[in-house]
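For the single chain, residues carry numbers from 1 onward in sequence order. Because the structure is predicted, anything quoted here is derived from the model rather than measured.
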Amino acid sequence: MIEDRDREAWDGKAWDGKAWDGKAWPKRARCLVVLSLCVLLACCGAARQAIEEEAEPAAINPTPVSLNGALADCRSAFPDQIAQAEARASCVIKATELARPLLPFPELLDRENALRKALAGQVQARTMSLLERNVQIQKLHSQLLEEERSRQSAAPADAGKPPLAVAQWRQSNPESCGRLGGDSGTCY
């Protein structure tokens with residue numbers, strides 16, 4: 001079975017005479033299985049860490065959200081501003097939700113969208129003209145921007161450049177939207 005020269009290769013302290021018998025093999029097999037599982041687990045952890053490290057730059061510098069692109073989709077999907085006023089307003093509200101988490105005071109956008117929804121029903125029912133609706137939206141938007149400025153001056157926060165969607169919302173609905181022919185890309 002085991003040659004004498006093989007036994008001599010073992011250190012005298014390590015040789016207990018059971019190394020080659022049938023009782024020690026299951027114990028060694030379990031140790032090998034446990035060791036293999038530990039190595040596998042370590043490899044999975046290293047792979048996951050590599051994936052997370054690749055994802056971190058995207059979280060730090062997310063792709064800028066463009067409000068204008070989403071609003072352009074609404075204009076093309078609902079070109080008739082009177083007959084499709086409510087559907088278009090719903091689309092615009094959904095599009096402006098992209099900017100909501102980026103705004104310092106998202107409740108201001110909520111107020112604007114609530115008015116937008118209410119006025120859309122009146123425009124579609126033809127109890128209000130599109131021009132009147134644009135004037136009301138423009139006035140409220142100006143008031144909301146002024147309120148945002150006063151809140152920010154009272155509690156100055158990050159003075160960095162605002163995200164693209166926030167800048168686009170702030171620049172939307174200028175005074176020209178309340179005039180005849182005021183249907184530009186920034187009027188919604």
Side-chain angles (χ1 to χ4, degrees), residues 1-78 86-114 116-117 120 144-145 147-149 151-172 185-186 188:
M1 191 158 146
I2 300 175
E3 304 275 335
D4 284 335
R5 62 183 162 89
D6 291 336
R7 287 185 190 204
E8 291 173 10
W10 286 87
D11 180 8
K13 295 178 184 174
W15 178 256
D16 59 3
K18 298 180 184 176
W20 299 104
D21 67 4
K23 295 177 183 175
W25 173 244
K27 193 175 195 179
R28 287 194 178 134
R30 280 188 295 236
C31 288
L32 287 174
V33 169
V34 169
L35 182 63
S36 299
L37 289 174
C38 289
V39 169
L40 181 64
L41 185 61
C43 290
C44 289
R48 182 179 175 115
Q49 185 177 7
I51 290 170
E52 287 176 359
E53 287 174 358
E54 287 177 10
E56 282 179 18
I60 294 170
N61 297 321
T63 306
V65 176
S66 175
L67 190 58
N68 290 345
L71 294 168
D73 292 343
C74 292
R75 282 191 297 278
S76 64
F78 305 103
E86 290 179 334
R88 186 172 178 160
S90 294
C91 183
V92 167
I93 290 168
K94 186 177 178 183
T96 57
E97 286 298 314
L98 297 171
R100 190 178 193 286
L102 305 173
L103 290 167
F105 308 106
E107 68 278 1
L108 299 177
L109 177 63
D110 295 342
R111 285 178 28 203
E112 182 175 287
N113 283 337
R116 177 174 284 110
K117 188 174 184 175
L144 295 177
L145 290 179
E147 185 174 338
E148 182 184 47
R149 275 188 224 100
R151 286 186 190 183
Q152 285 178 332
S153 66
D158 184 23
K161 186 177 179 184
L164 178 63
V166 172
Q168 290 171 341
W169 177 73
R170 287 177 180 157
Q171 294 169 357
S172 68
T186 59
Y188 50 88

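- One distance of note links NZ of K117 with CD1 of I93; it measures 6.0 Å at 0.5 Å rounding.
- Taking CD of E107 as the reference point, atom CG of N113 lies at 12.5 Å (rounded to 0.5 Å).
- Here T96 contributes atom OG1 and L109 contributes atom CG; the two are 4.5 Å apart, rounded to the nearest 0.5 Å.
- The two residues A95 and L71 come nearest to each other via the heavy atoms CB-CD2, 3.9 Å.
- A pairwise comparison of heavy atoms in R88 and F78 identifies NH1-O, 3.3 Å as the closest pair.
- Minimum heavy-atom separation, E97 to D110: OE2-OD1, 4.4 Å.
- Taken to the nearest 0.5 Å, the CZ atom of R149 stands 11.0 Å off from the CG atom of L144.
- Residues passing the side chain to side chain contact (heavy atoms under 4.5 Å, CB included) test with P104, sequence neighbours excluded: E148, Q152, R170.
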